[in-house]
*Asks:* 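There's a structure below that I have some questions on.
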Amino acid sequence: QVQLVESGGGLVQAGGSLRLSCAASGPPFSMYAMGWFRQAGGKEREFVAAISRSGDNTYYADSVKGRFTISRDNAENMVYLQMTSLKPEDAAVYYCAAVWTGLSGRLYSTAEDYGSWGQGTQVTVSS
């Protein structure tokens, strides 16, 4: 299975920006669709964004659409989440996740579909 390590979290003021990174190692990264999820204290893990194995297709939660951008670099085995116009309600632990899709261009927005997870990176947004 692919191993995932997130980085880039931190403290930012409301309205600010952060870019999260997720480094993957193991099996061919280009065969995995990738996703970002987040979990705030006392709440369930929620979907944020997903990207197909090629990067051609993306999908976002309504709560982040227009503010967050997911991207990937298959040559570097990296996936990114650029977050702008951050709000206090965006504060959470953000997780990178991977699901094997082979040659399919499918996207996945349900946590149960993903088989590999990173350890998470904390994002704090001050008002």
*Asks:* Got a sec: does the CD of Gln13 have more than 12 other heavy atoms crowding it under 6.0 Å?
*Replies:* no

*Asks:* Treating Thr124 as the side-chain partner and Leu11 as the backbone partner, does any N or O pair qualify as donor plus acceptor under 3.5 Å?
*Replies:* no

*Asks:* Using ring pair (Phe, Tyr, Trp, His ring centres under 6.0 Å), reason through Phe37 and Phe47 one step at a time and then give a plain yes or no.
*Replies:* CA-CA 5 Å; Phe37 291 76; Phe47 169 76; 5.6 Å; yes

*Asks:* Donor-acceptor check, side chain of Thr110 to backbone of Glu112, threshold 3.5 angstrom: yes or no?
*Replies:*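 Side chain of Thr110 to backbone of Glu112: no pair is present.
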
*Asks:* Quick check with a 6.0 Å cut-off and a 45 degree axis cone: is Arg67 positioned over the face of Tyr60's six-membered ring?
*Replies:*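 Geometry flag: not set, cation outside 6.0 Å or 45°.
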
*Asks:* Has the side chain of Glu6 got a donor or acceptor atom that lies under 3.5 Å from a matching backbone atom of Thr121?
*Replies:* no

*Asks:* Does a donor on one side chain sit under 3.5 Å from an acceptor on the other, for Arg19 and Tyr80?
*Replies:*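 Side chains of Arg19 and Tyr80: no pair found under 3.5 Å.
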
*Asks:* Parallel, tilted or perpendicular: which describes the rings of Tyr32 and Trp100, with under 30° parallel and over 60° perpendicular?
*Replies:* perpendicular

*Asks:* Inspect the surroundings of NZ in Lys65 and state if more than 12 heavy atoms from other residues, nucleotides or ligands are less than 6.0 Å away.
*Replies:* yes

*Asks:* When you measure from the side chain of Arg72 to the backbone N and O of Phe29, does any donor-acceptor pair fall under 3.5 Å?
*Replies:* yes

*Asks:* Does the distance from a Lys or Arg side-chain N to an Asp or Glu carboxylate O, for Asp90 and Lys87, drop under 4.0 Å?
*Replies:*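 Salt bridge: no.
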
*Asks:* Is the charged tip of Arg45 near the ring of Trp117: under 6.0 Å from the six-membered ring centre and within 45° of its axis?
*Replies:*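 Yes, Arg45 sits over the ring of Trp117.
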
